[in-house]
K.L.:
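Below is the structure I would like to discuss, written out as structure tokens.
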Amino acid sequence: MEQVKKSQLAQIIRERRSVKTGYKDDPVPQELVLELLNDAVYAPTHKLREPWRFIFVPTDAKPFFAIEMAQHYPDEMFEYRVKYFNEPAAYLIVVMTDAENEKQRDEDYGAVCSMIQNFQLLAWERGLGSVWKTNPHIYDPNVKEALGLQPDEKIAGFLHLGFFHEAPEGQPRTPAEEKFTVYKPRL
Ligand SMILES: Cc1cc2nc3c(=O)[nH]c(=O)nc-3n(C[C@H](O)[C@H](O)[C@H](O)COP(=O)(O)O)c2cc1C
């Protein structure tokens, strides 16, 4: 098949990887995270609700954060969890409004997902690795309380952040043609 030259955007979308291990110790600058977020928030957001807010865990605070988060796990998992939470260089916790009705909940989660994908693409472009994690602790009421969440808020995810040694290998995606049908009018 003839190779069509991909636009820069298409290339970044295809090349971005979730970086789950192999982070460098280099600190993640808060200014960079804010710069990326200020572009990412141009994601579509119904009624311009912008249903997100962010908690940044900088690199120098991360060892304390790791201990605090690990305390929410059973004693026998504590050490492993401290190690786990220390792996990324920094965290960006994405907090979102937890609407009462299904329509708004779906719209808000859609907006947050779009914004997070924007952030991940922009981060990739700048060499900053990220992975969106939804481990069970994001649903733990004690974790929510420790992070100062309000009753009408929930955690959309922990973004693990860090510059990295090697880009992980990507997994191919199913061609859209295989999941594509064309509507035929029945009238
Ligand atoms: C909503 C959402 C939640 C995710 N949660 C996790 C997670 O808890 N743990 C994890 O290792 N990866 C998580 N991921 C990352 C996916 O595993 C990753 O995107 C997938 O393996 C494809 O890899 P790629 O992003 O490099 O293309 C999550 C991704 C999404 C979109």
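Whatever order the structure lists them in is the order used to number ligands and atoms, beginning at 1.
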K.L.:
Is Asp140 reaching over with its side chain to a backbone N or O of Asn142, donor-acceptor style, under 3.5 angstrom?
P.N.:
yes
K.L.:
Determine the sole option in Phe56, Phe119, Tyr91 for which the side chain to side chain contact (heavy atoms under 4.5 Å, CB included) test with Leu159 is passed.
P.N.:
Phe119
K.L.:
How many angstroms lie between atom NE2 of His160 and atom CD1 of Ile93, to the nearest 0.5 angstrom?
P.N.:
9.0 Å
K.L.:
Which heavy atom of the protein is the closest neighbour of atom 3 (C) of ligand 1, given with residue, atom name and distance?
P.N.:
Thr134 OG1, 3.4 Å
K.L.:
Check whether any heavy atom of Gln120 sits under 4.0 Å from an atom of ligand 1.
P.N.:
no
K.L.:
Cation-pi check for Tyr84 against Arg81: NZ or CZ below 6.0 Å from the six-membered ring centre and within 45 degrees of the axis, yes or no?
P.N.:
yes
K.L.:
Considering non-hydrogen atoms of the protein only, which is the closest contact for atom 4 (C) of ligand 1, and what is the distance?
P.N.:
Trp132 O, 3.1 Å
K.L.:
Flag atom 10 (C) of ligand 1 as yes if some protein heavy-atom distance to it falls below 4.0 Å, otherwise no.
P.N.:
yes
K.L.:
Please state which part of Arg173 comes within less than 4.0 Å of ligand 1, counting heavy atoms only: side chain, backbone, both or neither.
P.N.:
side chain
K.L.:
Just go through Gly129, Ala156, Ser18 and tell me whose heavy atom is the nearest to atom 26 (O) of ligand 1.
P.N.:
Ser18
K.L.:
Could you tell me the separation between the CG atom of Leu149 and the NZ atom of Lys154, rounded to the nearest 0.5 Å?
P.N.:
11.5 Å
K.L.:
Can a donor-acceptor pair be found, under 3.5 Å and without considering hydrogens, that links the side chain of Thr97 to the backbone of Glu153?
P.N.:
no
K.L.:
Just jot down the ligand 1 atoms closer than 4.0 angstrom to any heavy atom of Arg17, in number order.
P.N.:
24 (P), 26 (O), 27 (O)
K.L.:
Does any N or O of ligand 1 fall below 3.5 Å from an N or O anywhere on Lys20, backbone included?
P.N.:
yes
